Number of protein chains: 4
Amino acid sequence: MGIQERKERERDRRRQQIMIAAKRVFYSKGFAKVTMEDIAKEAELSPGTLYLYFKSKDELCASLSLRILQYLNIKLRHVSAEKELDGQQKLEGLKKAIIDVYEFDPLILINLFRLQSSEILKNLSPQLFADIKELFSSSLSAMSDIFKEGINNGVIIDKKPEALADLLWALFSGIVLWGESKKIMDNNEDYLKQALETAFEVFLLGIKGENRT
Amino acid sequence: MGIQERKERERDRRRQQIMIAAKRVFYSKGFAKVTMEDIAKEAELSPGTLYLYFKSKDELCASLSLRILQYLNIKLRHVSAEKELDGQQKLEGLKKAIIDVYEFDPLILINLFRLQSSEILKNLSPQLFADIKELFSSSLSAMSDIFKEGINNGVIIDKKPEALADLLWALFSGIVLWGESKKIMDNNEDYLKQALETAFEVFLLGIKGENRT
Amino acid sequence: MGIQERKERERDRRRQQIMIAAKRVFYSKGFAKVTMEDIAKEAELSPGTLYLYFKSKDELCASLSLRILQYLNIKLRHVSAEKELDGQQKLEGLKKAIIDVYEFDPLILINLFRLQSSEILKNLSPQLFADIKELFSSSLSAMSDIFKEGINNGVIIDKKPEALADLLWALFSGIVLWGESKKIMDNNEDYLKQALETAFEVFLLGIKGENRT
Amino acid sequence: MGIQERKERERDRRRQQIMIAAKRVFYSKGFAKVTMEDIAKEAELSPGTLYLYFKSKDELCASLSLRILQYLNIKLRHVSAEKELDGQQKLEGLKKAIIDVYEFDPLILINLFRLQSSEILKNLSPQLFADIKELFSSSLSAMSDIFKEGINNGVIIDKKPEALADLLWALFSGIVLWGESKKIMDNNEDYLKQALETAFEVFLLGIKGENRT
DNA sequence: TATGAATGAGCATTCATTCAT
DNA sequence: CATGAATGAATGCTCATTCAT
């Protein structure tokens, strides 16, 4: 391992540390109220140091989203690439992957859903913006592939697979955000798990055309 | 009409004026960057006056959401109450109502979707919070009623109608927010209309069980 | 006096107050180290209030320069317009005007000399920049007029009067700034008065051509 | 050459390198915005290293001025010591020396002029402060000597030669700084060369008393 | 009721300087 | 000597909110 590479690795480790600290603070204070100083304190660093690793507060926050997108992407690519699974099983795998991602880090996922439709996105550094876009694109395309296979097998209806992927992602984000509402408005913490199940079930029924079992 | 009532009416008129001004500013500057002074200027009022009609900036913004929720609620109740329509037609009416609401005021709707899952909601005045909750509840229940009728008629699958209502709402918000992403990330302004169509189609297929046509 | 006008006057009074406070702080802490908070405290206002009257710190500081430029301009225009004086007397008046300006407020004058050649100038609001430019232009042109008259009378050498005006201004600023050096390097507080005298004397001799007395 | 001396020489070479890098950065970014990191990068050194050679940023900047002062001093001493020249010719030499210095490095000269009247000067290390003072003193005294000779020869008026030296220096700095103004305010890049000529001409006329040619 | 000047806590960001390696 | 990551104090500026008139 070259010295260059080691440094890069060390740098990445630091970035992770900071992001982990940031997450902790977000969990304890809520996204809106967190200051860079809070994060710095939690990370046992000085505010200035944060800026050695992230261009701005927005970039730091967006980087959290990037991480979960990476996780999502890996999961989806994995399902999509699995040779052993038939169409039906892949749809199951898709569902599992998505629920996995939610369980991996709900708060950050919510943050991602908020970020994806916000002005902030536009003002990120071109690099980070491109990375996020690429991961979205790649993840959606992994989903598309799964649907495409289903369509080819006649398991699911003959829709544009890209549209189905978009739809599933929208459904996922909608359920998760609406789950937040339920927590806030109805003090209902249990909504989400069941709702995701139902959502997938209906979604799958909806796309299965004649071939439902 | 008593003098009391007249005053109350006048007061409401003012509130409307302010909200309309606020909307204009939101459309021209984007939600994030609007200040109370911007709104005051647009409404040709002083900042202080805004606080005579709204407790805080958050309350003002939330009141915008309230308005669109009222609109949604009226539309849904109307569909639900329509005696002449059969189950299938009501589902159509439901779809139309929802698209109507989107077209009525997309930006405010997005704002509502953001608000519904945000910390802000908790910190509104109990009255406003209760109003919003009530309107959500009422709207969702109107949807439920439609689904219930469908279930009773055997048109749609035997799921809890409340769950289906939640699901539809989540789907709706997810699509709209993901549409925003498409605008930002792909410069795709046309996504939404088609996507809403597809979404409903799949949703309806999904809930129709054996009785699909 | 209309209500509009009264307000404008009140506003101006405030601006003056703030500038006066700023000057006091500059005198007590030196230009470099003054913060907006210092000025606010001295003016018994809050930092935010300062920004109601000045766009930025730079604009506040530049406004101080503007004031002394206005003073200079009035003095010079006055000398230039004085019908009773002959060429020789006007040159005397010019000298007096300039020394007057120095004595009116040395520190702010130094600030002006620093500002005039600094990057800051470029980044002021177009309005303020234009005002400063205009006052410089007007002042220099008043000097030019005096020299022109002298040239026409044959009192002084046939040089471009604009060049002579520039030269005098440069000489003035140079002497004042070098006077600051003397204070700092030689603890010599008395340099300036005598130096200005000598400077003018030599300058006048230099421009008088054959007609020296 | 002792080992001690060699080290000292090596050290000096480094300091030169850094100063040259600093100048480059100043030229490309403007004085105000340059950071120590900029300079370090340009010098291909680390920020820490800069502090091995210069006590502080201010000292580094002041050292640039020192360099140009040294250059000035050499030029002036040379003119002053030249046995072959008569009074008139030395005045010419003086003019040439000064223009030379300007052309050698305009930006750094401006920096010197700014430094000479600033608070920064006071806070330099006693050594550097003394060096700068000494060079000023020596340069001014070289000028004085030239004027003294002129006075003795009756070529120029019977003024204190020190006063004339101060005057010339002030004139020089004033012209250069006012030239900066012209650039900024009038986009006039050509002012300076002609202005320096005029300035010297008038100055020489002014000091030549009866003996003008 | 309406005003709008004043508030002042709050915050992201910078950068000269240090020090452990 | 050289490094460069880390520091953290410092500061300009914002803006929701208040309150005397």
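Letters go in sequence order (proteins before strands), and every chain restarts at 1. Owing to the predicted nature of the structure, the values given are computational and were not obtained by experimental measurement.
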Undergrad: Starting from P on F:dA5, measure out to CG on A:D12 and report it in whole angstrom.
TA: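 Distance check: A:D12 CG to F:dA5 P gives 14 Å.
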Undergrad: Atom NZ of B:K41 and atom P of F:dA16: how far apart are they, to the nearest Å?
TA: 13 Å
Undergrad: Roughly how many Å is it from CG in C:L50 to P in E:dA6, rounded to a whole number?
TA: 11 Å
Undergrad: Would you find a donor on one side and an acceptor on the other, under 3.5 Å apart, between the side chain of B:E119 and the backbone of A:F31?
TA: no
Undergrad: For B:T35, report the nucleic acid contact type (base, sugar-phosphate, nothing); a contact means any heavy atom under 4.0 Å.
TA: sugar-phosphate
Undergrad: Give the nucleotide from the list E:dG8, E:dG4, F:dG4 with an atom nearest to the side chain of C:P47.
TA: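 Output: E:dG8.
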Undergrad: For E:dA20, give its Watson-Crick or G-U wobble partner with both distances under 3.5 Å, or none.
TA: F:dT3
Undergrad: Hey, does the side chain of D:Y53 come within less than 4.0 Å of F:dC1's phosphate (OP1/OP2), counting only N and O?
TA: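 Yes, because at least one side-chain N or O of D:Y53 sits under 4.0 Å from OP1 or OP2 of F:dC1.
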Undergrad: Take the protein atom NZ of B:K29 and the nucleotide atom C1' of F:dC15, then report the distance between them rounded to whole Å.
TA: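 Roughly 11 Å, once rounded to whole Å.
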Undergrad: Considering heavy-atom distances to DNA chain F, does D:G48 or B:K33 have its closest nucleotide positioned more toward the 5' end?
TA: D:G48
Undergrad: For F:dA16, does OP1 or OP2 lie under 4.0 Å from any side-chain N or O of B:S56?
TA: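 For F:dA16, neither OP1 nor OP2 has a side-chain N or O of B:S56 closer than 4.0 Å.
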Undergrad: If you assign each of A:K57 and C:L52 to its closest nucleotide in DNA chain E, which residue comes earlier from the 5' end?
TA: C:L52
Undergrad: Which heavy atom of C:R15 sits nearest to which heavy atom of C:S63, and what is that distance?
TA: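 Answer, listing the atom of C:R15 first, then C:S63: NH2-OG, 4.0 Å.
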Undergrad: Look at all strands and tell whether C:L45 reaches a base, only sugar-phosphate, or nothing, counting heavy atoms closer than 4.0 Å.
TA: sugar-phosphate
Undergrad: If the threshold is 4.0 Å, N to carboxylate O, is there a salt bridge linking D:E10 and D:R14?
TA: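 Between D:R14 and D:E10 there is no salt bridge, as every charged N stays at least 4.0 Å from the carboxylate O atoms.
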Undergrad: Taking only the side-chain nitrogens and oxygens of A:S46, find out if one of them lies under 4.0 Å from OP1 or OP2 of F:dT7.
TA: yes
Undergrad: Between P on E:dA16 and CG on D:D58, what's the gap in Å once rounded to a whole number?
TA: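 About 10 Å, once rounded to whole Å.
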Undergrad: Looking at E:dT1, I'd like to know if its phosphate oxygens (OP1 or OP2) sit under 4.0 Å from a side-chain N or O belonging to B:R14.
TA: no
Undergrad: Round to the nearest Å and state the distance from C:Y51 atom OH to E:dA5 atom P.
TA: 19 Å
Undergrad: For the residue pair A:D12 and A:Q16, confirm or rule out a side-chain donor-acceptor distance under 3.5 Å.
TA: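 Distance-only check fails for A:D12 and A:Q16.
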Undergrad: So does B:E180 get a backbone contact from the side chain of A:S117, meaning a donor-acceptor N/O pair under 3.5 Å?
TA: no
Undergrad: Could you state the CE-P distance from B:M36 to E:dG4, rounded to the nearest angstrom?
TA: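 Interatomic distance, CE of B:M36 to P of E:dG4: 16 Å.
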Undergrad: Write down the distance between CD1 (B:I18) and C1' (E:dT1), rounded to a whole number of angstrom.
TA: 12 Å
Undergrad: When the nearest nucleotide of DNA chain F is assigned to C:K55 and to A:E44 on a heavy-atom basis, which residue is associated with the more 5' position?
TA: A:E44
